[in-house]
Student: 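I have a structure here, written as structure tokens, and I will follow up with some questions on it.
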Amino acid sequence: MAKYEELKGKRVVITGGGSGIGQATAQRFVDEGAKVCIFDINNAALTETSKLIPGLADTQLVDVSDEGSVRDGFLAVDKNFGGIDVLISNAGISVRNRFIDTDFAQWRKVMSVNLDGMFLCCKEAVVRMEKQRSGVILMTASNNGMEGHPFYTDYNASKAAVILMGRTVALECAPWLRINSVCPGYVLTPMQRAEYSEEALAVVNEGIPMKRHAEPAEVAALYAFLASDEAKYITGQFIPIDGGETAGKYIPI
């Protein structure tokens with residue numbers, strides 16, 4: 001059910017839209033009546049998501065870490081939509097490893113998707129939004145970008161950089177552009193299930209004040225709010241959605 005009437009007809013691009021948070025966010029914006037194009041590097045995921053969300057306006061096979069691929073994706077958006085109103089730059093990867101075991105190839109791969117990909121997509125969006133003097137950019141960062149988490153040095157560093165990139169662009173492009181970062185904690189996505197066993201997930205839940213992972217749809221709801229007019233005075237911020245995980249030291253009683 002649509003909640004934000006102003007999102008109806010908005011031209012929305014969602015990267016990493018073929019699964020997890022991106023897919024749930026695509027569903028939410030389609031439900032709001034937006035014209036949604038998803039980018040994903042996985043062609044099978046694009047096909048499956050098109051079946052799951054028949055209201056999608058377009059899908060594009062895009063590698064966000066490749067400048068030419070990103071450019072082609074946005075040119076397709078120009079052709080099919082005539083522009084962009086909202087970018088949700090969500091695509092990202094993580095590899096669980098100790099710092100001492102993280103080689104430079106892994107570091108570069110994570111950075112190329114999580115940080116370079118954000119830069120490339122945001123740059124293409126800003127160029128278009130500047131011409132129309134309006135737009136909203138929302139980026140998936142992480143509470144890992146706000147504090148240290150063992151075994152994710154490259155991921156943590158990339159997400160911290162995303163937060164500061166967003167805050168800087170927000171200052172440069174105000175008042176016509178709003179840009180914010182969403183910082184999820186543990187979300188029950190395919191990527192999360194691939195890294196953790198059921199037993200490990202249960203242990204993690206015990207350390208979260210809300211005693212559970214977030215559902216992707218809950219993160220999608222935050223994106224819809226931040227893209228709506230109800231959030232029109234919010235820019236340059238990073239908003240945690242983590243069940244209280246970063247509120248302070250949690251001691252179960």
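Along the sequence shown, the residues carry numbers beginning at 1.
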Student: Do I239 and V136 share a hydrophobic cluster (ILVMFWY, side-chain heavy atoms under 4.5 Å, transitive)?
Tutor: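 Yes, one cluster joins them.
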Student: Within the structure provided, determine whether L201 and V204 are in side-chain contact (heavy-atom separation under 4.5 Å).
Tutor: no
Student: Just by modelled atom types, is the D229 backbone N or O under 3.5 Å from a matching donor or acceptor in the E6 side chain?
Tutor: yes
Student: Taking the side chain from E32 and the backbone from A34, do they hold a donor-acceptor pair closer than 3.5 Å?
Tutor: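 No; judged by distance alone, with no hydrogens or angles, the pair does not exist.
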Student: Shortest non-hydrogen contact from C173 to V126?
Tutor: SG-CG1, 4.1 Å
Student: Is it the case that the side chain of Q23 and the backbone of G17 share a donor-acceptor pair, with hydrogens and angles ignored and the cut-off at 3.5 Å?
Tutor: no
Student: Answer yes when E206 and K211 have at least one side-chain N-carboxylate O distance shorter than 4.0 Å, and no when they do not.
Tutor: yes
Student: I21 and T189: side chain to side chain contact (heavy atoms under 4.5 Å, CB included), yes or no, with the steps?
Tutor: CA-CA 7 Å; I21 292 171; T189 63; 4.1 Å; yes
Student: So does F119 have more than 12 non-hydrogen atoms from other groups sitting under 6.0 Å from CZ?
Tutor: no
Student: Are any non-hydrogen side-chain atoms of E130 and L177 less than 4.5 angstrom apart?
Tutor: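 Counting from C-beta outward, E130 and L177 never come under 4.5 Å.
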Student: Classify the ring geometry between Y186 and H213 as parallel (under 30°), tilted (30 to 60°) or perpendicular (over 60°).
Tutor: tilted
Student: Taking all heavy atoms of I163 and all of G145, pick out the closest pair and write down the distance.
Tutor: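 Looks like CD1-O, 3.9 Å.
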Student: Do the side chains of V182 and T140 get nearer than 4.5 Å, heavy atoms only?
Tutor: no
Student: May I ask you to check whether F39 and F74 place their ring centres under 6.0 Å from each other?
Tutor: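 Yes, close enough.
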Student: Do N90 side-chain atoms and T15 backbone N/O form a donor-acceptor pair below 3.5 Å?
Tutor: yes
Student: Of all the heavy-atom pairs spanning P240 and M146, show the shortest one and how long it is.
Tutor: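 Smallest heavy-atom distance, with atoms named: CG-CE, 3.6 Å.
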Student: Within a strict 4.5 Å, meaning less than it, do heavy atoms of the V62 and D72 side chains meet?
Tutor: no
Student: Honestly curious: do I14 and V70 fall in one hydrophobic cluster under the side-chain, below-4.5 Å linking rule?
Tutor: no
Student: Contact between T49 and T59 at the side-chain level, heavy atoms closer than 4.5 Å - yes or no?
Tutor: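 Of all side-chain heavy-atom pairs linking T59 with T49, none is under 4.5 Å.
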Student: Does CZ belonging to R96 count more than 12 external heavy atoms closer than 6.0 Å?
Tutor: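 Correct, the count exceeds 12.
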Student: Side chains of K3 and R28, heavy atoms from C-beta outward: is any pair under 4.5 Å?
Tutor: yes
Student: Side-chain contact, heavy-atom cut-off 4.5 Å: D31 with Q27?
Tutor: yes
Student: With no hydrogens and no angle check, is any side-chain donor or acceptor of Q237 less than 3.5 Å from a backbone partner on T235?
Tutor: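 Judged by distance alone, yes, a pair lies under 3.5 Å.
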Student: What I want to find out is whether R212 reaches E218 closely enough, with some N-O distance under 4.0 Å, to be called a salt bridge.
Tutor: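 Between E218 and R212 there is a salt bridge, with a charged N closer than 4.0 Å to a carboxylate O.
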Student: Is it true that a side-chain atom of R11 and a backbone atom of K35 form a donor plus acceptor pair closer than 3.5 Å?
Tutor: no
Student: Please examine the side chains of L87 and C122, heavy atoms only from C-beta on, and report whether any two atoms are closer than 4.5 Å.
Tutor: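 With C-beta onward as the side chain, the pair touches.
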Student: Do N180 side-chain atoms and G236 backbone N/O form a donor-acceptor pair below 3.5 Å?
Tutor: yes
Student: For atom CZ of F225, is the number of surrounding heavy atoms from other residues, nucleotides or ligands below 6.0 Å larger than 12?
Tutor: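 More than 12 within 6.0 Å, yes.
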Student: Is there a donor-acceptor contact under 3.5 Å from the side chain of D85 to the main chain of V12?
Tutor: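 It does not hold such a pair.
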Student: Search all heavy atoms of A141 against all heavy atoms of P184 and return the closest pair with its distance.
Tutor: O-CD, 3.6 Å
Student: Can R98 and D101 be said to form a salt bridge (charged side-chain N to carboxylate O under 4.0 Å, His left out), step by step?
Tutor: CA-CA 5 Å; R98 294 195 313 158; D101 297 323; 3.1 Å; yes
Student: Would you mind checking if D78 and R128 are paired as a salt bridge, meaning a charged N to carboxylate O distance below 4.0 Å?
Tutor: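 Counted as a salt bridge, because a side-chain N and a carboxylate O are separated by less than 4.0 Å.
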Student: May I ask you to decide if S112's main-chain N or O and S65's side chain share a donor-acceptor pair within less than 3.5 Å?
Tutor: no
Student: Could you tell me whether a side-chain N or O of N143 sits under 3.5 Å from a main-chain N or O of I241, the two making a donor and an acceptor?
Tutor: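 Answer holds: no.
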Student: Answer yes or no: is there an ion pair linking R108 with D116, defined by an N-O contact shorter than 4.0 Å?
Tutor: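 A salt bridge is present here (some side-chain N lies under 4.0 Å from a carboxylate O).
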Student: Could you state whether I137 and V162 fall into the same hydrophobic cluster, counting links through intermediate Ile, Leu, Val, Met, Phe, Trp or Tyr residues with side-chain heavy atoms under 4.5 angstrom apart?
Tutor: yes
Student: So if I apply the side-chain contact (heavy atoms from CB on, under 4.5 Å) rule between I88 and each of L226, V36, T25, I38, which one comes out positive?
Tutor: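 Testing I88 for a side-chain contact (heavy atoms from CB on, under 4.5 Å) against L226, V36, T25, I38 leaves exactly one candidate, T25.
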Student: Going only through I, L, V, M, F, W and Y residues with side-chain contacts under 4.5 Å, is there a path from V30 to L138?
Tutor: yes
